[in-house]
Engineer: 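This is the structure, below, for whatever I ask next.
Only this structure's heavy atoms are used, side chains among them; waters, hydrogens and symmetry mates stay out. We count residues from 1, following the sequence as given.
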Amino acid sequence: MDFSALVVFLPLFGAMLAMPVGRAMGYRAAELLTTGLLLFAAIIAWFLFFDVALGGNARTIQLFTWIGSGNFQADWAIRLDTLSAVMLVVVNSVSFLVHTYSMGYMKDYGEQSRFFAYLSLFTFAMLTLVTADNFLQLFFGWEGVGLASYLLIGFWFKKKSANDAAIKAFVVNRVGDFGFALGIMCIFFVFGTIQFDEVFQAVATNAVVTPWNAVAGAPIQTLNITFIGAEYHALTVIGVLLFIGAMGKSAQFFLHTWLPDAMEGPTPVSALIHAATMVTAGVFLVCRCSVIYEYAPNAAAMVTLVGAITAFFAATVGLLQDDIKKIVAYSTCSQLGYMFFAAGVGAYGAAMFHLFTHAFFKALLFLGSGAVIIGMHHEQDIKKMGGVKELMPFTHILMVVGTIAITGVGIPGLYLFGAPFGTAGFVSKDMIIEGAFAAGEAGRAFGYFAFIMGLLAAVMTAFYSWRLIFLTFWGPSRAPEAVRKHPHAVPDTMMAPLIPLAIGALVAGMAFYGNFVGDKSEQFWNGALYSAAEQHDAAAADDHGVVDDHGPVSAHAVADDSHGTADDSHGAEESHGDEGGHHVPIWVLWAPFIAMLTGTFTAAWHYLRGDPLRPGLLRADGMIYAFLKNKWYFDEIYDYLLVKPAIAFGRFLWKEGDGKTIDGVGPDGIASAVAAGARRIVKVQSGYLYHYAFAMLVGIAVLLTFILIRAGGGQ
């Protein structure tokens, strides 16, 4: 076995050994074992990043045949290309830091061995997902992170709210996973295989495919399939079904309701789920299947629309949240919306770039919030804090670093060593917003809409992020006297992981700009992300009209290439795509920066003047305030339309169907009849001797009469 495979299996070994080692040698041994194995996995991941992504040595390690049944073949393999190498670095690095952080965070809670086993299991499932070489193996990891998230969110299973949150996350994700499973079935139905290379190559080359049980085949890019008497574009159906799975896993609009409730788990769980693993799986899936979405413009439009709405929606809800973890949770939901609409307009490199940088500052914000919660004696309401920077100055600095990263602090037009000068969020988020505008200019559906939603979300992101800082760390303390005089000590193991995350939040955007979206991007991705421009040129050279028949493909190319080089991006008066001069005006380059300043100064104007808890622009008893405070009433709507009818229907089946019908007629009915007969027979047993003697005489008389009748009949 190639030692590279250990990058996936080391966390599995930790998950398997954590509890036995904990029982035999104590919880500290389990913590050190799992954290040490994650350290080795992270080192291997970075080695693979330099070898595969920067060195161009992509490869696939075939381990064994997993399932073979007739024409259906699914191998278990480890796919090492740039896309998986990026995810390996993100997942293993953040997971190692979360493991280290948890050694301090969980010391007062107990059951550390079980907790660390779940963390490592979660990491293994995510690594299986990102290194999959076929859709079924990806689905295995997909369901694995769903199971592990259920265990982690409901870790404190004696707490009802934690159990409810775990069940909610599990059920909502099953809705999305049902669509994902149908998508995989549809892929096998159309292509006869679920191997990535075979499926993607067929789509890219417009190969003739024959769906199962079809009389004749057709070029895949124009193939229609029939369902319930109607015809649908095959790639559009596949793209929509796969995206439904991504919507559930990545908490997109309509399937987002589980994400804030997931805060019931320990804070390290929130950081691991929200920063680098489960919620980014949907973005990874769309980017992995980029070639499908290139030739399914309607499915790509759906990705753009849902992502843009999610970015805006989650930002509006984050404005009025008071729980420090839920503010960061809705921030995650909003940032995922950015990633999705980037992928929807074809800027796959920008989507993955933001996924990469987001892992640093979002993990920093979550783990920093956990340090605040511990320091404030487990208080999570920011309105009950204030003045925390005096008690936790180092945590305050790190949280400010995370805030300037997520809000996008930088200087548009200023380049340093060929990269835009600014924090990680500034570099990657601006790429997405510019890409959306370029896609709109190219005629791509919802491109302008995504651009506007992205700018509005940027304003609100700055507002609620600085609101968190101002209410938590600045101003007079609103905490109880006991907390102010005796703050809870935060272990060094909790603070140490925040330092590398803070460094990444500051410089990761500038350091990796050239590779992800700059002039080195084509060599860096090395075919892991589909390049519509290359295929368009190849098709034109071969006098093949297929690509030209799909106008949205070139729009995708423009969106992704509109910020492809340092000379053509932030620092220029206007940027040009490779496909024909789509211009990005200079005001577009400055728009995200102005949006950030607007949100920041609005938050400062309100929370740094006088009483920070005074009423704001929205009245507390007003309709808009209630609408946002109650998260657009999604929970209430779903409860009314889905939960209560399901409970009523289930109760009817239980009481009427099972109780009265099945049990009433079946086992309970038979038992009742026997019991009723027995009660009647029992009445014969009076207990009086003369009754029994009389019954015996009657019986003898009846017997003698019978004998005499038989004897008379015989004569």
Side-chain angles (χ1 to χ4, degrees), residues 308 311-312 315 334-335 337-339 341-342 345 347 349-351 353-354 357-358 361 403-442 444 446-466 505-510 513-514 516-519 558-577 581-605:
F312 175 80
S334 181
Q335 297 302 310
Y338 277 102
M339 300 176 205
F341 78 67
V345 300
F353 190 26
H354 197 53
T357 61
H358 175 263
F361 54 76
T403 300
I404 64 174
I406 193 173
T407 57
V409 174
I411 303 177
L414 177 62
Y415 275 71
L416 185 65
F417 301 111
F421 180 75
T423 59
F426 166 78
V427 179
S428 60
K429 187 163 66 176
D430 282 18
M431 295 295 101
I432 291 175
I433 294 175
E434 292 170 24
F437 182 86
E441 280 199 324
R444 179 62 190 145
F446 303 114
Y448 286 135
F449 176 76
F451 172 72
I452 295 172
M453 291 295 102
L455 288 179
L456 293 175
V459 174
M460 293 181 283
T461 299
F463 181 89
Y464 66 66
S465 297
W466 285 109
L506 289 175
V507 304
M510 295 183 289
Y513 165 81
F516 279 84
V517 295
D519 54 356
V558 171
D560 202 25
D561 292 336
S562 64
H563 38 254
T565 64
D567 293 334
D568 290 339
S569 183
H570 282 278
E573 179 71 21
E574 52 189 25
S575 59
H576 303 273
H582 283 266
H583 306 296
V584 177
I586 194 168
W587 68 266
V588 174
L589 306 179
W590 281 87
F593 180 76
I594 295 172
M596 178 272 297
L597 290 182
T598 302
T600 300
F601 285 128
T602 303
W605 179 81

Engineer: Among Thr602, Thr403, Thr600, Thr461, find the one that has a side-chain hydrogen bond (donor to acceptor under 3.5 Å, both in side chains) with Trp466.
Structural biologist: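 When Thr602, Thr403, Thr600, Thr461 are each tested with Trp466, the side-chain hydrogen bond (donor to acceptor under 3.5 Å, both in side chains) holds only for Thr600.
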
Engineer: Which heavy atom of Phe593 sits nearest a heavy atom of Pro412, and at what distance?
Structural biologist: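 That closest heavy-atom pairing would be CB-CG, 3.6 Å.
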
Engineer: Once the angle between the rings of Tyr338 and Phe341 is folded into 0 to 90°, is it parallel (under 30°), tilted (30 to 60°) or perpendicular (over 60°)?
Structural biologist: tilted

Engineer: How many angstroms lie between CZ in Phe463 and OG1 in Thr407, if you round to the nearest 0.5 Å?
Structural biologist: 13.5 Å

Engineer: Quick one: CE on Met596 to CG on Leu455, what's the gap to the nearest 0.5 Å?
Structural biologist: 12.5 Å

Engineer: Would Phe449 and Phe312 count as a side chain to side chain contact (heavy atoms under 4.5 Å, CB included) if you check the C-alpha gap in whole Å, the side-chain angles of each, and the deciding distance to 0.1 Å?
Structural biologist: CA-CA 11 Å; Phe449 176 76; Phe312 175 80; over 6 Å; no

Engineer: Which atom names give the shortest non-hydrogen contact between Ala351 and Met339, and what distance separates them?
Structural biologist: CB-O, 3.4 Å

Engineer: Could you work out, with side chain to side chain contact (heavy atoms under 4.5 Å, CB included) as the rule, every residue matching Ile452, not counting sequence neighbours?
Structural biologist: Leu456

Engineer: According to side chain to side chain donor-acceptor pair (under 3.5 Å), who are the partners of Ser428, at least two apart in sequence or on a separate chain?
Structural biologist: His354, Thr357

Engineer: Rounded to the nearest 0.5 Å, how far does CD1 of Ile433 lie from CG of Leu589?
Structural biologist: 11.0 Å

Engineer: Report yes if some heavy atom in the side chain of Phe417 is under 4.5 Å from a heavy atom in the side chain of Tyr513; otherwise report no.
Structural biologist: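 No - every pair of side-chain heavy atoms lies 4.5 Å or more apart.
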
Engineer: Rounded to the nearest 0.5 Å, what's the gap from CE on Met431 to CZ on Phe426? Could you check?
Structural biologist: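 Answer rounded to 0.5 Å: 7.5 Å.
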
Engineer: Quick one: does Lys429's side chain have a donor or acceptor within less than 3.5 Å of a partner on Ile406's backbone?
Structural biologist: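 Confirmed, Lys429 side chain pairs with Ile406 backbone.
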
Engineer: Look up atom CG in Leu506 and atom CZ in Phe361, then write down how far apart they are to the nearest 0.5 Å.
Structural biologist: 11.5 Å

Engineer: Which class fits the ring pair Phe516 and Phe353: parallel under 30°, tilted 30 to 60°, perpendicular over 60°?
Structural biologist: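 Aromatic pair Phe516/Phe353 classed parallel.
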
Engineer: Do Tyr415 and Phe421 make the cut of ring centroids closer than 6.0 angstrom?
Structural biologist: no

Engineer: Where do Ser334 and Ala311 come nearest, in terms of heavy atoms and distance?
Structural biologist: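 In this case the closest contact between Ser334 and Ala311 is OG-O, 2.8 Å.
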
Engineer: If you look at every heavy atom in Asp430 and Pro592, which pair is closest and at what distance?
Structural biologist: OD1-CB, 3.3 Å

